[in-house]
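Each remark here refers to the structure printed beneath this line.
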2 protein chains.
Amino acid sequence: MQDLLFGFISKYVTLTEDEKNAIVSLNIFRSAKKGTTLLKEGQKSNDGYFVLKGCIRTYYVIDGEEKTTAFYTEMEGLTPHCVINKTPSEYFISCVEDSILTIADPEMEVDIFKKFPKFETLCRVLSEELLAKQQINFDEYKTSSPEQRYLNLLQKRPDLIQRVPQHQLASYLGIKPQSLSRLRARILKKNKG
Amino acid sequence: MQDLLFGFISKYVTLTEDEKNAIVSLNIFRSAKKGTTLLKEGQKSNDGYFVLKGCIRTYYVIDGEEKTTAFYTEMEGLTPHCVINKTPSEYFISCVEDSILTIADPEMEVDIFKKFPKFETLCRVLSEELLAKQQINFDEYKTSSPEQRYLNLLQKRPDLIQRVPQHQLASYLGIKPQSLSRLRARILKKNKG
DNA sequence: TGAATTCGTTCACTTAAGTTAAGAAATGAA
DNA sequence: TTCATTTCTTAACTTAAGTGAACGAATTCA
């Protein structure tokens, strides 16, 4: 299961055995059952997450309703807002599927960065990549309708539509489950007739 | 006009006269008239922008229609996606008002960082702050209706509503100008009776 | 396994945004 | 200042999402 992580990292930097061992010795690998809540609203935490296998989601609870704002699947990572901000979390994080994650406190990072500056480069590159991706994501969301967003998702992350419950997907697309059902029926009709 | 920049920077780090002079000698201060296009779709550029005075916006042109995705006002900065990605720009950037900006190529930054490591800290802190802000922004956008978004804007950036044309605001809120008019009339009615 | 809950779809009705059009107000250029 | 253009608002109509309810299917778990 570590191989998943090292395979991913190898796309960015080359690690020596020493460096790999340093990572393993941090003991950051965790597995979590479907439905497990990793972070609760109001909670303080310093943990960042990286998905090796499975799927996790972030969601707000507003007027008793879940509003899913993001899904993270294989080789995607998340540093919750509350970690950066040192404030109680405004949202929940939970497992959509049984998952294998790395869970790491950025405090650790400082030590590792000193020992292996290579890791700092890795983290900077990853976060820049993430920022760029997020910007484009937001722009796409803003410039398209729910139907377009669904079709876009179908193109870009077809796996999500299979592995995530409809009502969570709907919320992620900014609509109600009933509207997603209707929208899908509408698309099907168009493609037939 | 440099004082605006140094006043802002002083909130994060303290600069010596030497360091201030180093910045001034970079000759990064520019002024631009309302309506000036700073970056066009399809264009390649390495320039990052920081607004000292005035207001700039980013917008896409989709099916001949402008879709405004962001406004940047005093003490806000923007590194366009095309700079990070080294690709042609997917959007336009233009001045909403007569503006005073710093326009800097990140290539320059490397030199400055070497001379004054303090600047790297400054940039890292600023970009982390920005990332956190953006995440929250996106989440708020996703979890609220156009009307809520308008009311939210009224709270958080009341100046924008004064200084930006309605049709650009509407686009920014994800709706048509007609809908913004209607929505405002609706709110006014509620508050009366 | 069987009962209970959650989930997904459909329907009828409501609400709000999109569209088209027209006219008033503000802005800008000659 | 005047004329032209752009911007903002209003209105009538269309379209799509929200709401509440019902029902069968799938999932959970005791």
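To find a chain, count down the sequence lines: A is the first, B the second, and so on, and within it residues start at 1. Note that the structure is a prediction, hence the values are computed from the model and not measured.
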**Request:** Please figure out whether A:Q166 or B:P146 has its closest DNA chain C nucleotide nearer the 5' end.
**Result:**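 Its nearest nucleotide lies further toward 5', so the answer is A:Q166.
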Round to a whole Å and report the spacing from [atom1] of [X] to [atom2] of [N].
| X | N | atom1 | atom2 | answer |
| --- | --- | --- | --- | --- |
| A:Y150 | D:dA17 | OH | C1' | 17 Å |
| A:K189 | C:dT9 | NZ | P | 16 Å |
| A:L151 | D:dA16 | CG | P | 13 Å |
| B:L180 | D:dT9 | CG | C1' | 11 Å |
| A:E65 | C:dT6 | CD | C1' | 15 Å |
| A:D98 | D:dT27 | CG | C1' | 15 Å |
| A:Q162 | C:dC7 | CD | P | 18 Å |
| B:I175 | C:dA16 | CD1 | P | 13 Å |

Can you find a side chain N or O atom of [X] that sits less than 4.0 Å from OP1 or OP2 on [N]?
| X | N | result |
| --- | --- | --- |
| A:S179 | D:dA17 | no |
| A:H167 | C:dG8 | yes |
| A:K176 | D:dG20 | no |

**Co-membership, hydrophobic cluster, residues A:I103 and A:L78, 4.5 Å side-chain** =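 A:I103 and A:L78: one cluster.
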**Message:** Same cluster or not: B:I100 versus B:V24, using hydrophobic residues (I, L, V, M, F, W, Y) connected whenever any side-chain heavy atoms lie under 4.5 Å apart?
**Reply:**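 Both belong to a single hydrophobic cluster.
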**Message:** Taking any heavy-atom pair under 4.0 Å as a contact, classify B:R186: base, sugar-phosphate, or nothing.
**Reply:** sugar-phosphate
**Request:** Answer with base, sugar-phosphate or nothing: what part of the nucleic acid does B:G35 contact at a heavy-atom distance below 4.0 Å?
**Result:**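 The residue B:G35 makes no contact with any strand.
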Minimum-distance nucleotide (side-chain atoms of [X] versus [options]):
| X | options | answer |
| --- | --- | --- |
| A:R184 | C:dT9, D:dC8, C:dT10 | C:dT9 |
| A:Q178 | C:dG8, C:dT10, C:dG18 | C:dT10 |
| B:L183 | C:dG8, D:dT10, C:dA17 | C:dA17 |

**Request:** State yes or no: are the ring centers of A:Y141 and B:F138 separated by less than 6.0 Å?
**Result:** yes
**Item:** Qualifying residue, where the test is ring pair (Phe, Tyr, Trp, His ring centres under 6.0 Å) with B:F50 and the options are B:Y72, B:F8, B:F29
**Value:**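 For B:F50, the ring pair (Phe, Tyr, Trp, His ring centres under 6.0 Å) test succeeds with only one of B:Y72, B:F8, B:F29, which is B:F8.
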**Request:** Look at the side chain of A:R182 and the base of C:dG8, then say whether one donor and one acceptor between them are separated by less than 3.5 Å.
**Result:**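 Side chain to base: no pair present.
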**Message:** With no hydrogens and no angle check, just 3.5 Å: does a side-chain donor-acceptor pair link A:T69 and A:T58?
**Reply:**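 Side-chain D/A pair, A:T69 to A:T58: present.
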